[in-house]
Amino acid sequence: MSHKASDSLNPNQAKAVRTTEGRVLVLAGAGSGKTKVLTHRAAFLIQEKGIPPSKILGLTFTNKAAAEMRKRLSGLIGATSAEQVTLSTFHSFCLRILREDIHRLGFTDAFSIYDESDIERMVTGIAKDILGTEKQIPSLAPTMALIAKARSQGKLFLKEGMEPNWHDEFANEVLKRLGQSMRAYNALDFDSMLFFTKQLFEECPDILEKWQDRFSYVMIDEYQDTSPVQYQITELLTRKSGNLCVVGDDDQSIYGWRGAHLKNILDFQYTHRITLDQNYRSTNHILKSANALIAGNTMRHEKNLWSGFGDGDPLEVFVAPDEMMEAEAIAHRIIKLKELKGFAFRDIAILYRSNALSRIMEKALLKHMYVTPGGVKRGIPYEIVGGTEFYERREIKDLLAYLKAIVNEKDAEALLRIINYPRRGVGDESLDRITAFSRKEKLPLMELLKKTAAGEVSLDLSNQALAGVKQFLHILEDVQGKLKEGSVAQGVEFLIERIRLKAAIDLEVKSQKGQDFKWENVQEFVSSIQEFEEEHAGEESSSLLKKFVGDLSLKNNLARFEGKDSGQTDAVQLMTFHSSKGLEFKACFLMGVEDHIVPHEKSVLDVGVEEERRLLYVAITRAMRNLTISMAKERKRLGKQAVSRPSRFLFEIPKEYLKTTKWDEV
DNA sequence: CGTCAGCGGGTTTTT
DNA sequence: CCCGCTGACG
């Protein structure tokens, strides 16, 4: 219906869309219409080649990207067909496979999914166990780092034949026990989900074939960010059909720290290769700055972005005296930009390297006063995109732990979290006794609790503690009963009643003020379950609960927690450089572009500088028309004021593209 | 066993 | 500066 030039494909885009067979590598520069190519390609397969929509698989990196693709595809072929195409993140896709087939690897389909902090808790416990209580536990950071690395590579152990180094041996032992516990708890985490999917494909040819047959055309977005395990999964999955299309941009690889291998895209064995370098997003001052910056990297396919949009405004750069004034200056400029260019708030994004920077910006936006046609207003509307806020809140994690424990009885991690929450007299002493016994006798925690309550095992618990354990088991039983007969939402409401969560939260709120949103969060959680239930009407409640808990663990459908209709309201968008990948905004503000922030001081040591440069490149190329880069001379760090230097990367952008302004210029 | 105050330690990015 | 943890006390 619309006749914008962007609705038609340029020759290379068209070629990428029509080259459906074989292994296709699409090198797509920032803003070159990558998503458009992917969605048109799916539409082409369905409409021109008669491929059933269900035979098409599109894998993305984030839920946001998957949702965006689904939306655009719906626009092309209608919602009914679009819904039959599998579009999901790698992790969601693996979740689906594992729910169906993981029993072949000795887990059950009720498995729990642990996040980073769950793993950390477990590692802490394991470390205490290995070292005993008398020894001081060393900082776990280096151990965690070693472990994370090994696991992201799908290794169950660190390198063999390593130096007899105490720390490595310790880490190895932790890793070994962690793996055993995860299995005993019937639990996976983000890394092992991928790892076990790969293992399933390798060890069970029938299962591999089943999944191979389900998808005859596979497309992968952001291929530069895939890890070796993800590479293996896709290779196995597409071996039979041979049809694999990967789309990516080596210059936008920013997840090396999570195990992404630039090698995947640099060495991809293709039968067809297509490069998209015409940019349809930004004016040329922005693109030339980005090109100049990224030219400083060595590991890359050379390319030069260009667009037909003219030079546009130069990039604006300013230095504020401190971080508060920087944030205020940004708020001020947002209002100015709105008036001058007629942008809506939602056209404007504020991007930062690390989440910690959002706080100060929020404060400035909240208190900023400005004049509108309707009078003086206070507060610029904003929305934080992809913040890790909600699901990490303790009250939500606690409630979720109850659900996890109900779904997966073996989930000792979840059980331990809630045996004494809300407080019911089972203190540390009792908990220690319980866990020690469970470990020593290799008796699953839940069974031990039941035996203890029944008097079959005596742990010499205090009367109070014993009563607490019994009460706890009764609660779980009652909730399970309730879940069987009613809806999930009703079951959860019953649970909340039963544990007197309201009273517990009131108590917490009383002791540390400013927490009154906790109860609100709980209510929001309940209504999110109701919504979920409505969306999945007709499904059996136990599988529904499984799905809900799984989705939440993968932060799927998180939109339901991010205000009513994310993106609908007219609000400035705040997010990290990482989260901004794949998005575009008429105007972008990059704040805190200082030398310890970008490049981050922690990444300067290893191979990180090139990745940090790519990260800034990604951020810069989000902007369509206006880009403002700012920094503060002084910034509070660890509570103390400290001087900052401009990012070294700024000096790599030719001065002619930059316009330096005074921070308080009106 | 629960509570509270005081202390030291720590900030990258995400599924 | 904001936590989470520790240790003393009720």
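All values below were derived from every heavy atom in this structure, side-chain atoms included, with hydrogens, water molecules and symmetry-related copies excluded. Protein chains get the first letters and strands the later ones, always in sequence-line order, with residue 1 at the start of each. Note that the coordinates shown come from a computational prediction; the quantities given were computed from them, not determined experimentally.
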Q: Quick check on B:dT13: is either OP1 or OP2 less than 4.0 Å from any side-chain nitrogen or oxygen of A:Asn355?
A: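 Answer yes for this pair, as a side-chain N or O of A:Asn355 is under 4.0 Å from OP1 or OP2.
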
Q: Quick check for you: among B:dT15, B:dT13, C:dG4, whose closest atom lies nearest to any side-chain atom of A:Arg394?
A: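 Closest nucleotide to the A:Arg394 side chain: C:dG4.
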
Q: Indicate, with a heavy-atom threshold strictly under 4.0 Å, whether A:Phe577 touches base, sugar-phosphate, or nothing.
A: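 Here A:Phe577 touches no strand at all.
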
Q: Does the Lys NZ or Arg CZ of A:Arg394 fall within the cation-pi geometry relative to A:Tyr421 - under 6.0 Å from the ring centre and within 45° of the axis?
A: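 Judged by the rule (NZ or CZ under 6.0 Å from the ring centre, within 45° of its axis), A:Arg394 is not positioned above A:Tyr421.
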
Q: Does a nitrogen or oxygen in the side chain of A:Asn420 sit under 4.0 Å from OP1 or OP2 of B:dG2?
A: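 Affirmative; the distance criterion is met.
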
Q: Among A:Thr234, A:Thr226, A:Asp250, exactly one meets side chain to side chain donor-acceptor pair (under 3.5 Å) together with A:Asn264. Which residue is that?
A: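 Among A:Thr234, A:Thr226, A:Asp250, the one meeting side chain to side chain donor-acceptor pair (under 3.5 Å) with A:Asn264 is A:Thr226.
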
Q: Starting from the 5' end of DNA chain B, give me the residue, A:Arg637 or A:Gly425, whose nearest nucleotide shows up first.
A: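 It is A:Gly425 whose nearest nucleotide is closer to the 5' end.
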
Q: Round to a whole Å and report the spacing from CD of A:Glu120 to C1' of B:dG9.
A: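 Value for this atom pair: 14 Å.
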
Q: Check for me whether A:Lys547 meets the cation-pi criterion with A:Phe532, that is, NZ or CZ under 6.0 Å from the six-membered ring centre and within 45 degrees of the ring axis.
A: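 Pair A:Lys547/A:Phe532 does not count as cation-pi.
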
Q: Side chain of A:Gln464 only, heavy atoms from C-beta on: which candidate in B:dC1, B:dT15, C:dC1 is closest?
A: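 Taking heavy atoms from C-beta onward, the closest nucleotide is B:dC1.
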
Q: For A:Glu429, answer base if it contacts any base atom (sugar-phosphate contacts may also be present), sugar-phosphate if it contacts only those atoms, and nothing otherwise; contact means non-hydrogen atoms under 4.0 Å.
A: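 Here A:Glu429 touches the backbone only, sparing every base.
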
Q: What's the closest nucleotide to the A:Phe190 side chain, out of B:dC1, B:dT15, B:dT3?
A: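 Of B:dC1, B:dT15, B:dT3, B:dT15 is nearest to the side chain of A:Phe190.
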
Q: Using a heavy-atom cut-off of 4.0 Å across all strands, would you classify A:Phe61 as base, sugar-phosphate, or nothing?
A: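 A:Phe61: backbone/sugar contact only, no base atoms under 4.0 Å.
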
Q: Among the nucleotides B:dC1, B:dT13, C:dG4, which one has an atom lying closest to any side-chain atom of A:Ser430?
A: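 Between B:dC1, B:dT13, C:dG4, the one nearest the side chain of A:Ser430 would be B:dC1.
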
Q: A:Trp257 vs A:Tyr255 aromatic rings, parallel, tilted or perpendicular, using cut-offs 30° and 60°?
A: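 Rings of A:Trp257 and A:Tyr255: tilted, as their planes differ by 30° to 60°.
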
Q: Rounded to the nearest angstrom, tell me the gap between atom NE2 in A:His596 and atom P in B:dT12.
A: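 My rounded result for the distance is 12 Å.
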
Q: Quickly work out the A:Ile360 CD1 to C:dC1 C1' distance and round it to whole Å.
A: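 Between C1' of C:dC1 and CD1 of A:Ile360: 12 Å.
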
Q: Need to verify one output field. Residue with the more 5' nearest nucleotide on DNA chain B, A:Gly639 or A:Asp428?
A: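 Of the two residues, A:Asp428 wins.
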
Q: Mind calculating the distance between CG (A:Leu466) and C1' (B:dC1) to the nearest angstrom?
A: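 So the CG-C1' distance, A:Leu466 to B:dC1, works out to 15 Å.
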
Q: Stacking between A:Trp257 and B:dT13, defined as ring centres under 5.5 angstrom apart with planes under 30°, is that present or not?
A: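 Given the distance and angle limits, yes, they stack.
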
Q: So, are A:Arg433 and A:Asp460 salt-bridged, with charged N and O less than 4.0 Å apart?
A: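 Salt bridge: no.
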
Q: In this structure, how many angstroms lie between the P atom of B:dT14 and the OH atom of A:Tyr114, rounded?
A: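 One finds 24 Å between P of B:dT14 and OH of A:Tyr114, rounded.
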
Q: State which of C:dC1, B:dT15, B:dT13 makes the closest approach to the side chain of A:Arg258.
A: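 Nearest nucleotide to the side chain: B:dT15.
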
Q: Would you tell me if any nitrogen or oxygen in the side chain of A:Ser579 comes within less than 4.0 Å of OP1 or OP2 on B:dT14?
A: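 It does, given that an N or O in the side chain of A:Ser579 lies less than 4.0 Å from OP1 or OP2 of B:dT14.
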
Q: Between B:dT15 atom C1' and A:Asp221 atom CG, what is the distance in whole Å?
A: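 Rounded to the whole Å, the gap is 15 Å.
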
Q: Any idea which of B:dT13, B:dT3, B:dT15 is nearest the A:Arg423 side chain?
A: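 Taking heavy atoms from C-beta onward, the closest nucleotide is B:dT3.
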
Q: If stacking means aromatic ring centre less than 5.5 angstrom from the base's six-membered ring centre, planes under 30°, is A:His600 stacked on B:dT12?
A: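 A stacking contact exists, since A:His600 sits close and nearly parallel to the base ring of B:dT12.
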
Q: Round to a whole Å and report the spacing from CD1 of A:Ile434 to P of B:dC1.
A: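 The answer, rounded to whole Å, is 10 Å.
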
Q: With no hydrogens and no angle check, is any side-chain donor or acceptor of A:Thr621 less than 3.5 Å from a backbone partner on A:Tyr617?
A: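 Yes; at least one donor-acceptor contact below 3.5 Å.
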
